[in-house]
Amino acid sequence: MNGIVIDSETKNPIEFVNIGILNKNKGTISNLNGEFNLSVSKELSNDSLTISHVSYYTIKIPIKNFKDQTISLEPKTNELSEVIISNRKKRNRKIGVKSYNPLLWLGAISEDMDIIENAQRINIPDKSVKVKYVNIYLRSGFKSDSSFVRINFYKNVDNRPDEKIVFENIVQKKKIEPGWLQIDLTKQNVYIEEDFFVGVEFIPDFKNKLEVYIGAILTKGKGYSRRNSQGEWNKLQGASTINVEIEY
C-alpha cells in the first residue's frame, strides 16, 4: 500500500503521520513529503488502516478497499486551556527516571522504518504543572548523526498510557550522541493537570538505518513501550531513562 497524506484545507503534505493496524504491531510513518508505503500479510486483509496525527482527526480505511491514493486529514481546532495566574513563588522539580543501569538499554528506532515509542509515567505534585523540559538518556553504541524526536503526552488510565492530552505536534531535530538529550518545551506552554505518561519517538530518516538506544533501569516500574505505529503498549519490567522538569 502506497499513499500520500495531505492537509484537507491547505493540500500540503503532512509529515510523520502514524499509519498502521491498531494493536497489531504493523505500521509505518509518513516521510517529510507525506509519503508512505506499507506491506501487510493476507491474514490482515480484513482489518482497517488507522491514520492518525496529533493535530488532525483520525481516520480508518478498510485494507480491502485501499488503493494507492491521496489521504486527506481534517485539522483539529485548537482549544486553549484555562491558565490561572498566581503570585506565589514557583517551584521547579525533576520527575521520572534519572538514573540508568550500564548493562541495560532499549531500542528506539524500528528496523522497518517505523517508530518505537517509549513512555514513562509521571506523577505530578500539584493540581497543575508546566512541563519545561523532557530529558532522555542515550547510550553509546549507535550509528547516527541526528534525528527528529517527537514528544507525546498521554492520559494515565489504570497506570497505562491512554489517549493523548496535548494536541500539539512537538517535533525537534536533535544531534544524537551519548549522554543526556534535552527537549526544550518552554515555548510550548505545556500545562497538565493530572498524572500522565510522556512518550518519546525517534523518527527514522527513511534512507539509512539508524541505531538509537535509550538508557534503562530495572528497579523502577511505570515504563511502557510499543514497537510500531498504532501498536499495542507493553509494560516494561523496569523503565526507560526518561524524566521531565516541571514548574508548579
Side-chain angles (χ1 to χ4, degrees), residues 18 22-23 52-55 58 76 78-86 88-101 104 106 108 115-138 149-172 180-202 214-227 229-248:
N18 295 113
L22 198 62
N23 296 329
S52 68
H53 187 284
V54 68
S55 301
T58 298
K76 292 179 180 177
N78 280 331
E79 296 183 0
L80 299 179
S81 58
E82 178 185 15
V83 176
I84 299 174
I85 305 299
S86 171
R88 71 178 175 87
K89 186 177 180 180
K90 296 291 186 181
R91 301 179 183 178
N92 288 276
R93 184 173 170 185
K94 188 180 290 186
I95 302 176
V97 179
K98 293 166 275 190
S99 59
Y100 62 94
N101 186 321
L104 298 176
L106 291 167
I115 61 99
I116 293 176
E117 186 171 8
N118 293 290
Q120 174 62 27
R121 196 178 89 189
I122 304 295
N123 293 335
I124 65 174
D126 199 78
K127 292 182 179 179
S128 178
V129 301
K130 178 181 181 180
V131 182
K132 300 174 67 176
Y133 302 95
V134 177
N135 303 306
I136 310 110
Y137 187 81
L138 301 183
V149 184
R150 178 158 56 190
I151 303 297
N152 299 306
F153 295 91
Y154 298 94
K155 190 178 184 66
N156 176 9
V157 176
D158 297 327
N159 292 323
R160 293 179 62 89
D162 199 78
E163 61 186 21
K164 290 180 179 177
I165 55 176
V166 174
F167 300 103
E168 181 176 356
N169 188 37
I170 303 173
V171 177
Q172 297 181 14
W180 284 101
L181 174 66
Q182 185 174 81
I183 308 296
D184 186 346
L185 303 183
T186 53
K187 295 182 180 179
Q188 266 74 28
N189 291 318
V190 176
Y191 288 88
I192 301 180
E193 299 181 344
E194 58 187 326
D195 295 343
F196 62 91
F197 278 86
V198 57
V200 177
E201 298 178 50
F202 287 83
I214 297 178
I217 197 165
L218 281 176
T219 55
K220 295 182 180 179
K222 308 175 185 177
Y224 279 81
S225 178
R226 58 179 173 183
R227 315 306 292 175
S229 292
Q230 316 295 350
E232 184 177 7
W233 287 107
N234 296 302
K235 191 176 188 306
L236 301 173
Q237 290 184 347
S240 47
T241 307
I242 300 172
N243 61 69
V244 301
E245 295 180 49
I246 62 168
E247 178 183 270
Y248 64 99

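- Note: W233 and Y154 meet the aromatic proximity criterion, with ring centroids under 6.0 Å apart.
- In terms of modelled atom types and a separation under 3.5 Å, the side chain of N156 and the main chain of N159 share a donor-acceptor contact.
- Note that CG of N92 is 8.5 Å distant from CD1 of I246, once rounded to the nearest 0.5 Å.
- In terms of heavy atoms, L106 sits closest to N118 at CD1-OD1, 3.9 Å.
- S240 and Q120 make their closest contact through O-OE1, 4.0 Å (heavy atoms, listed as atom of the first residue, atom of the second, distance).
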Query - Audit row: L104, I217, side chain to side chain contact (heavy atoms under 4.5 Å, CB included) steps and yes/no - result: CA-CA 7 Å; L104 298 176; I217 197 165; 5.6 Å; no
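- Y133 places no side-chain N or O within 3.5 Å of a backbone atom of N243 that could act as its donor or acceptor partner.
- In this structure, the side chain of D184 engages the main chain of T186 through a donor-acceptor pair within 3.5 Å.
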Query - Test side chain to side chain contact (heavy atoms under 4.5 Å, CB included) applied to V131 and F153, step by step - result: CA-CA 10 Å; V131 182; F153 295 91; 4.1 Å; yes
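- The side-chain heavy atoms of V166 and I151, taken from C-beta on, include no pair separated by under 4.5 Å.
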**Report entry** Full working for side chain to side chain contact (heavy atoms under 4.5 Å, CB included) between N135 and K94
**Finding:** CA-CA 9 Å; N135 303 306; K94 188 180 290 186; 4.0 Å; yes
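- Remark: T58 OG1 to L22 CG distance equals 9.5 Å, nearest 0.5 Å.
- Classification of the Y137-Y100 ring pair by plane angle, with boundaries at 30° and 60°, yields parallel.
- Summarising the geometry of P125 relative to V129, their closest heavy-atom pair is CD-CG1, 4.1 Å, with the distance given to 0.1 Å.
- Atom CD of residue E247 and atom CZ of residue R91 lie 12.0 Å apart, to the nearest 0.5 angstrom.
- Taking CZ of F196 as the start and CD1 of I165 as the end, the distance is 7.0 Å to the nearest 0.5 Å.
- The line from OG1 of T241 to CD1 of I214 is 8.5 Å long, rounded to the nearest 0.5 Å.
- Taken from CD1 in I192 to CD1 in I124, the straight-line distance is 7.5 Å, to the nearest 0.5 Å.
- When side chains are defined from C-beta on, Q172 counts as touching I183, because their heavy atoms get closer than 4.5 Å.
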Query raised in the report: Would I242 and V134 count as a side chain to side chain contact (heavy atoms under 4.5 Å, CB included) if you check the C-alpha gap in whole Å, the side-chain angles of each, and the deciding distance to 0.1 Å?
Result: CA-CA 7 Å; I242 300 172; V134 177; 4.2 Å; yes
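- A salt bridge does not link K132 with E245: none of the charged nitrogens is closer than 4.0 Å to a carboxylate oxygen.
- A side-chain donor from one of Q230 and S52 sits under 3.5 Å from a side-chain acceptor of the other.
- The shortest heavy-atom contact between S128 and Y248 is O-CB, 3.7 Å.
- Between the S229 side chain and the N18 main chain, no donor and acceptor come within less than 3.5 Å of each other.
- R150 has a carboxylate O that lies under 4.0 Å from a charged side-chain N of E201, or vice versa, which qualifies the two as a salt bridge.
- Across all their heavy atoms, I122 and G96 have their closest contact at CD1-CA, 4.0 Å.
- Salt bridge annotation for E117-R226: present, with a cationic side-chain nitrogen under 4.0 angstrom from a carboxylate oxygen.
- Using a 4.5 Å cut-off on side-chain heavy atoms (C-beta onward), L185 and K130 make no contact.
- For F202 against L138, the heavy-atom pair with the smallest separation is CZ-CD2, 3.8 Å.
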